[in-house]
Colleague: 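One structure, pasted below without further comment.
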Amino acid sequence: MSMSKFWSPFVKDLVPYVPGEQPKLTKLVKLNTNENPYGPSPKALAAMQVELNDNLRLYPDPNSDLLKNAVAKYYGVQSNQVFLGNGSDEVLAHIFHGLLQHDQPLLFPDISYSFYPVYCGLYGIEFDAVPLDAQFQIDPADYAKPNGGIIFPNPNAPTGCLLALEAVEQILKASPDSVVVVDEAYIDFGGETAISLVDRYPNLLVTQTLSKSRSLAGLRVGLAVGHPDLIEALERIKNSFNSYPLDRLAIVGAAAAFEDREHFDKTCRLVIESREWVITQLQAKGFEVLPSAANFIFARHPQHDAAGLAAKLREQGVIVRHFKQERIAQFLRISIGTPEQNQALIDGLGDL
Ligand SMILES: Cc1ncc(COP(=O)(O)O)c(C=O)c1O
């Protein structure tokens, strides 16, 4: 007999997010989940090592003030404009729950972060998937219609395409009565953050993560910056859900990571340089590569099936991400690795 009789009824209809594979084999060249190929700041590691002591018997600061202040200082905002969570996925969950549940449908691109429809399912939010244009770009004009909120990644995932700040502003201006969430998980690899706009647009919320440009995916730290009234809604949800989403190690490690600009600048630059190399190599093999401002690229080959290419690469020990989704089923999303990993990718594709 099924044990699901014990479940709350809505659980039966949940469609959970499926994260990219985290293989137990360590020899694989892992270009499937947009992690940073370089390690985190040595200063962040050192700060966590110092924190690894008897004080772990004590609860962490529920407000993570040390980290809030570090983030506020870094972006030139007040600490009551900063919200923190256990990865930006958790921050996004609280945003969907606390700010995007309204009578009108939520708008997001048809090709976008696949967690968005999952949160809509979890919180019973209606949404309207707005098609990207024929070049896989977001057209701000498409969002100028009645809505209960707007969310999009910038750069978009999995396309990697960047929307200019003026276009973000156009979306904000057209929907002054809705919350507009700009998910900047990948912004540090070539874009300009919309955090500079939060003081002018009380409906703007920007999310970021330490998982990508700060190479701390394993630590789970994400953040949102916006008007204190938006942050207050998120704090209410957080304090009704989990008072301590960030542990002691995460608080000090993330704060130290924000202070180490040198490591951040250097590793971002290396990833960007490698991205341009990978794009040139793929184009030489006949791939069409969408313009990317992220730490991954989105590419298709006119003569080769994407699922077949992904399988072929896997046989060579290289894993990339393939989405079985309409419009993008012939694309591969490939994270940028170290020069050696990128070479393994190019070699693994062989002669096409
Ligand atoms: C667009 C986008 N937003 C948010 C996230 C979540 O990142 P994290 O929960 O590690 O902060 C990801 C992760 O891949 C992403 O691609």
Side-chain angles (χ1 to χ4, degrees), residues 19-20 22 30 33-52 60-77 79 81-95 113 115 153-155 157 181-195 205-226 231 234 238 242 244-272 293-296 335-336:
Q22 293 294 348
K30 203 176 161 304
T33 50
N34 299 342
E35 286 138 335
N36 197 314
Y38 302 105
S41 154
K43 290 180 179 152
L45 297 179
M48 289 189 272
Q49 255 139 18
V50 171
E51 192 70 8
L52 195 54
D61 171 9
N63 293 319
S64 307
D65 280 332
L66 180 87
L67 179 55
K68 264 192 197 169
N69 292 335
V71 171
K73 185 173 152 208
Y74 184 89
Y75 288 111
V77 297
S79 55
Q81 293 176 286
V82 179
F83 180 75
L84 300 170
N86 191 258
S88 57
D89 281 340
E90 187 185 77
V91 174
L92 289 167
H94 292 339
I95 291 170
Y113 186 32
F115 224 135
N154 195 34
V181 183
V182 186
D183 175 352
E184 294 188 337
Y186 303 101
I187 195 71
D188 295 321
F189 299 107
E192 202 184 335
T193 178
I195 291 177
L205 196 60
V206 179
T207 63
Q208 291 201 359
T209 176
L210 279 81
S211 300
K212 314 294 178 181
S213 56
R214 288 187 174 79
S215 200
L216 286 166
L219 199 63
R220 310 306 301 129
V221 184
L223 59 101
V225 179
I231 301 302
L234 301 177
K238 174 229 159 205
N242 177 7
Y244 307 106
L246 298 193
D247 60 56
R248 287 177 168 268
L249 303 181
I251 294 169
V252 298
F258 269 103
E259 271 148 28
D260 191 351
R261 281 203 191 233
E262 199 183 324
H263 181 83
F264 168 79
D265 287 340
K266 188 174 98 191
T267 49
C268 286
R269 196 179 60 242
L270 289 174
V271 170
I272 292 167
N295 67 338
F296 58 87
S335 310
I336 301 303

Colleague: Holding to salt bridge (Lys or Arg N to Asp or Glu O under 4.0 Å), I want the full list of residues that pass it with K30, two or more places apart in sequence or in another chain.
Modeller: E35
Colleague: To the nearest 0.5 angstrom, please state how far the OG1 atom of T207 sits from the CG atom of L205.
Modeller: 7.0 Å
Colleague: What's the spacing between F296 CZ and I336 CD1 if we round to 0.5 Å?
Modeller: 9.5 Å
Colleague: Counting only heavy atoms not in E262, do more than 12 sit closer than 6.0 Å to its CD atom?
Modeller: no
Colleague: Got a second to check how far F189's CZ is from S213's OG, nearest 0.5 Å?
Modeller: 5.0 Å
Colleague: Given the rule in the side-chain hydrogen bond (donor to acceptor under 3.5 Å, both in side chains) test, do Y75 and Q208 qualify, once you have shown the distances and angles that lead to the verdict?
Modeller: CA-CA 12 Å; Y75 288 111; Q208 291 201 359; 2.4 Å; yes
Colleague: Please examine the side chains of L67 and F258, heavy atoms only from C-beta on, and report whether any two atoms are closer than 4.5 Å.
Modeller: yes
Colleague: Mind checking what makes side-chain hydrogen bond (donor to acceptor under 3.5 Å, both in side chains) contact with S88, not counting sequence neighbours?
Modeller: none
Colleague: For the atom pair CG (D65) and NZ (K68), what is the distance rounded to the nearest 0.5 Å?
Modeller: 6.5 Å
Colleague: So how far is it from R214 CZ to D260 CG, rounded to the nearest 0.5 Å?
Modeller: 9.5 Å
Colleague: Verify, without hydrogens or angle tests, whether S215 (side chain) and Y38 (backbone) share a donor-acceptor contact under 3.5 angstrom.
Modeller: yes
Colleague: With a 4.5 Å heavy-atom cut-off, do T33 and Q22 have their side chains touching?
Modeller: yes
Colleague: What's the spacing between K238 NZ and N86 CG if we round to 0.5 Å?
Modeller: 11.5 Å
Colleague: Are P37 and V271 packed together at the side-chain level, in the sense that at least one heavy-atom pair is separated by less than 4.5 angstrom?
Modeller: yes
